Structures are given as structure tokens and as C-alpha cells.
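Everything below concerns the one structure shown next.
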Amino acid sequence: MPAPDHRSPDLAGLLAAAEALPGLTDVLDGLGRDFTPTLWLVGGPVRDLLLGRTPIDLDLMLAGDPEPVARMLDQSLRRHTEYLTASVGHIDIAQPRREHYPEPGALPHVQASASVAEDLCRRDFSVNAVALGLTGADRGRLVCADHALEDLAARQLRVLHDASFRDDPTRLLRLARYAARLDFSVEAHTLRLARAALEVDALQTVSGVRIGNELRRLAAEPDPVRAFIALGQLGIDERIDPALGLVDPALATRALTLLEPGDRRDRAVLAVALLGAPRERAAALLDRLGYPAADRELIVDIAARAQKVSMRLEYAGPPSEIDWAAGGPNAAPELIAVAGAIHPANAAREWLVELRHRRLAITGDDLIAAGIPAGPALGEGLRAARAAMLDDEAPDAASQLAVAVDAARAAHPG
């Protein structure tokens with residue numbers, strides 16, 4: 001099947017694909033296709049449809065009150081008045097707007113009463129500066145910034161003006177993220193502008209929290225390893241901090257392969273990018289980047305301890321020893337995955353896939369009922385029972401309780 005020609009898109013097919021997007025169908029059915037002012041699908045979702053991909057989020061643009069859209073979805077509207085935007089569930093709705101930056105790195109001043117074309121010109125990359133009319137007189141109309149369709153066809157990222165990275169240096173991280181996600185190259189002039197911005201330390205004009213927000217989005221990409229590689233190839237990671245960098249992408253890939261759905265892949269890949277950094281430095285960096293305390297502490301702990309845990313796992317024998325080496329049932333799976341990626345991963349895989357999910361049939365209350373006083377003896381008993389269970393020596397509640405009581409009494413005979 002020939003590749004689509006993005007320079008001459010099938011507008012009828014594009015509109016049909018947009019109207020079939022989950023969530024958007026309900027909105028359009030409720031509003032009606034004649035609804036005015038025009039409701040536009042804008043940015044990444046249109047780009048993804050033109051590429052034959054399924055959009056992750058829905059970004060809409062509407063020159064009027066977005067409340068009717070919220071009513072169609074039977075959800076409350078969260079307004080962000082300063083930026084002329086609103087959110088309804090996973091759908092973002094913005095007014096067409098202009099913006100200007102009072103100084104490099106500052107948050108933009110936003111003005112309403114812009115045309116769709118003017119709104120597109122303020123965006124980050126040409127391939128994201130596209131809008132498709134969904135209702136009213138502009139239904140089925142595609143509006144694009146200069147070079148948008150040709151850059152889609154060439155699979156390249158281009159900024160819309162020479163001051164783009166100076167105005168908003170966080171676009172540097174977005175450049176890496178989109179290059180990785182879309183498998184696009186960086187247009188030659190845009191690459192020169194990015195390198196020039198890094199040379200003058202443009203990232204230093206932006207708050208650490210804003211950089212951290214972009215880094216979190218990058219780490220949460222479907223392929224975060226590829227995204228971190230792009231960050232390094234562009235030289236952005238070392239400009240954030242010389243301690244940050246994915247020196248061993250293969251190790252990060254192995255770690256992510258060990259994790260199960262629901263585990264925090266973003267934590268694991270960032271910890272690998274900080275392996276070898278002193279604990280205090282890594283903690284200070286993540287604090288500057290605005291990472292929540294729980295994330296910060298865990299990522300730093302993984303980066304500092306993964307090597308030691310990997311050595312324990314490497315020499316562990318039966319399941320109970322693997323569980324002890326991992327740190328017990330409440331150990332962080334991301335730590336065990338990174339540790340397993342450092343050395344042969346069999347023990348880590350066994351813990352991640354099976355051992356961490358196994359639970360005792362007894363609790364501390366059962367030991368208290370059996371006459372063990374509250375205190376350290378309870379922990380000793382439960383640990384012994386868990387080890388026996390994992391080694392198939394105590395398969396049921398009665399045998400687990402017997403092991404636990406004996407161990408508790410032996411540890412604290414008084």
C-alpha cells in the first residue's frame with residue numbers, strides 16, 4: 001500500500017477519521033455538524049491522523065464558550081482563564097489566541113480574538129500547527145502553518161520562527177520527545193537554532209519546575225529510552241545537569257522489559273539516567289526539577305542502590321533468598337528491574353513476575369491470637385512464614401502460623 005501523500009491529504013477521509021475518535025463522536029452528535037462557531041481539532045491529533053496513527057489526546061479549539069462541549073460529555077468544565085483554555089476529562093479546549101514573550105524563557109502573555117491561522121503560528125513545530133474544522137462552515141477544512149504538510153511528508157521537525165527556542169526553551173525537550181515518538185529527523189536550520197540556544201544556556205532562563213514537567217512527559221513516552229537517546233544526541237541532558245544522561249540505553253531497555261503493566265517505567269528510566277550520580281546531587285537535581293517527594297526519593301534510591309541489590313540477586317538461591325535479596329514483598333519493582341538489568345535477570349524476573357505477588361494466608365493478628373505479643377516478634381514470625389511459603393514448605397494458613405509462632409518464640413523467648 002503506497003504511503004499517504006501528506007501534501008495532498010484526503011480531507012473527506014481525514015474528517016471521517018476525526019469524527020470517529022472516541023469521545024469526539026459524542027460531542028459532535030450532541031452539538032450537530034452545523035454548530036457555530038467552528039469547533040476545530042487542532043495540533044497533535046490532526047498530525048497523528050495525517051500520519052495514520054491513533055491520537056492519544058484530543059485538543060480542540062473553539063472561539064466561543066466551551067460549556068456546550070462539557071454538557072455533551074456530561075462532565076464538569078475546568079477553566080484555565082489565564083491561558084484561555086479549559087479541560088473536560090481528557091479533552092483540552094482552547095480559544096484561538098495570540099501570545100508574546102516579554103523576555104526569553106518567560107511565560108507568554110496570551111491574547112484572545114486571534115484567527116485560527118494566527119493561533120497556529122504561535123505553536124512549537126510546523127507538524128503540530130494544523131487544524132481541521134469539525135462543524136459549521138469550516139467543516140472539513142484543513143488549515144496549516146507554512147511547511148506543515150511538506151514537513152510531515154519529509155518526516156522532519158521544524159520550528160516556526162528563529163526565536164522559538166529563545167522564547168520557550170522547554171521546546172528543546174519537546175524537540176527530543178517528538179523526534180523519538182514520531183521517528184522524525186530535525187530540520188537543518190532548526191537543529192542549528194537548538195544548538196545555538198543550548199550554547200547560550202537558554203534552559204537557565206526557565207524554572208526548574210517547567211523543565212521537570214517536560215522531563216516527566218519525556219520519561220512517560222511509550223518508548224522513553226528512545227526519547228532519552230534523542231535528549232542526549234541533541235546535548236540537552238547535559239545542559240540540564242552533567243549528572244543526567246542515559247549512558248547505557250541497553251540497560252534501560254532491559255529494565256523496562258522486566259517491568260509489568262502498572263509499574264512506573266518513567267521512574268525506572270530516569271533512575272538509569274542517574275546511575276552513578278552521588279545521592280546528594282541526584283536528590284538536589286530532582287528537587288530543583290520539582291519532582292514530588294515520593295518520586296524523588298525512590299528514583300534516587302534506585303540510582304544509588306541498584307548495583308548493590310543486583311549483586312545480592314545474582315547470588316540468591318531458593319525463592320526465599322531471592323525475596324530477601326529484593327527486599328521483601330514491598331520492595332519497589334522499579335528497583336528490582338534496574339538491578340536485574342545490571343546483572344543476569346533471572347532472579348529479578350522471578351521476583352517481579354511471581355514472588356512479589358504471593359501473600360501469606362496469615363497476618364499479625366493471627367500471631368497475637370496465638371499468644372505472640374505485639375512487637376518485634378511479630379515481624380520475625382511473619383518473615384519466617386513468608387520464607388517457608390515461598391520455598392513451598394508452608395503452603396496453607398495452619399503451616400504458616402506454626403512456622404511463624406515457632407520463629408517468633410525463638411527470636412524472643414521471653
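In this text, all values refer to a predicted model and were calculated from it rather than measured experimentally.
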Interatomic spacing from CG in Asp124 to CZ in Arg174 - rounded to 0.5 Å:
5.0 Å

For Glu187 and Thr190, indicate whether the former's side chain and the latter's backbone hold a donor-acceptor pair under 3.5 Å.
yes

Do Glu380 side-chain atoms and Ala407 backbone N/O form a donor-acceptor pair below 3.5 Å?
no

Taking atom CD of Gln233 and atom CZ of Phe228, what is their separation to the nearest 0.5 Å?
13.5 Å

Pair Arg264, Asp295 - check salt bridge (Lys or Arg N to Asp or Glu O under 4.0 Å), show working.
CA-CA 10 Å; Arg264 291 286 300 276; Asp295 283 356; 3.1 Å; yes

Regarding Asp323 and Arg358, does a basic nitrogen lie under 4.0 Å from an acidic carboxylate oxygen?
no

To the nearest 0.5 angstrom, please state how far the CZ atom of Arg122 sits from the CZ atom of Arg97.
3.5 Å

Test salt bridge (Lys or Arg N to Asp or Glu O under 4.0 Å) on Arg226 and Glu221; report intermediate values, then the result.
CA-CA 9 Å; Arg226 189 184 184 107; Glu221 280 290 297; over 6 Å; no

Residue pair Leu203, Leu198: steps toward the side chain to side chain contact (heavy atoms under 4.5 Å, CB included) verdict
CA-CA 7 Å; Leu203 287 171; Leu198 291 170; 4.1 Å; yes

When you measure from the side chain of Ser310 to the backbone N and O of His343, does any donor-acceptor pair fall under 3.5 Å?
no

For a side chain to side chain donor-acceptor pair (under 3.5 Å) with Asn213, tell me which candidate from Arg216, Arg210, Arg217 qualifies.
Arg216

Under a 3.5 Å threshold, yes or no: a donor from one side chain and an acceptor from the other, between Asp396 and Ser399?
yes

Are the side chain of Glu118 and the backbone N or O of Ala114 linked by a donor-acceptor pair below 3.5 Å?
no

Using only atom types and a distance under 3.5 Å, with no angle test, would you say the side chain of Arg359 pairs donor to acceptor with the backbone of Arg356?
yes

Distance-only, no hydrogens or angles: does the Arg267 side chain make a donor-acceptor pair with backbone N or O of Glu334 under 3.5 Å?
no

When you look at Glu99 and Arg123, which way does the salt bridge (Lys or Arg N to Asp or Glu O under 4.0 Å) test go after all the steps?
CA-CA 10 Å; Glu99 64 186 19; Arg123 293 175 180 262; over 6 Å; no

Just by modelled atom types, is the Pro249 backbone N or O under 3.5 Å from a matching donor or acceptor in the Thr253 side chain?
yes

Flag if over 12 foreign heavy atoms under 6.0 Å of CZ, Arg279
yes

For Arg239, is there an ion pair with Asp201 - N to carboxylate O distance below 4.0 angstrom?
yes

Under the 3.5 angstrom rule, does the side chain of Asp406 hit a backbone N or O of Val403 as a donor-acceptor pair?
no

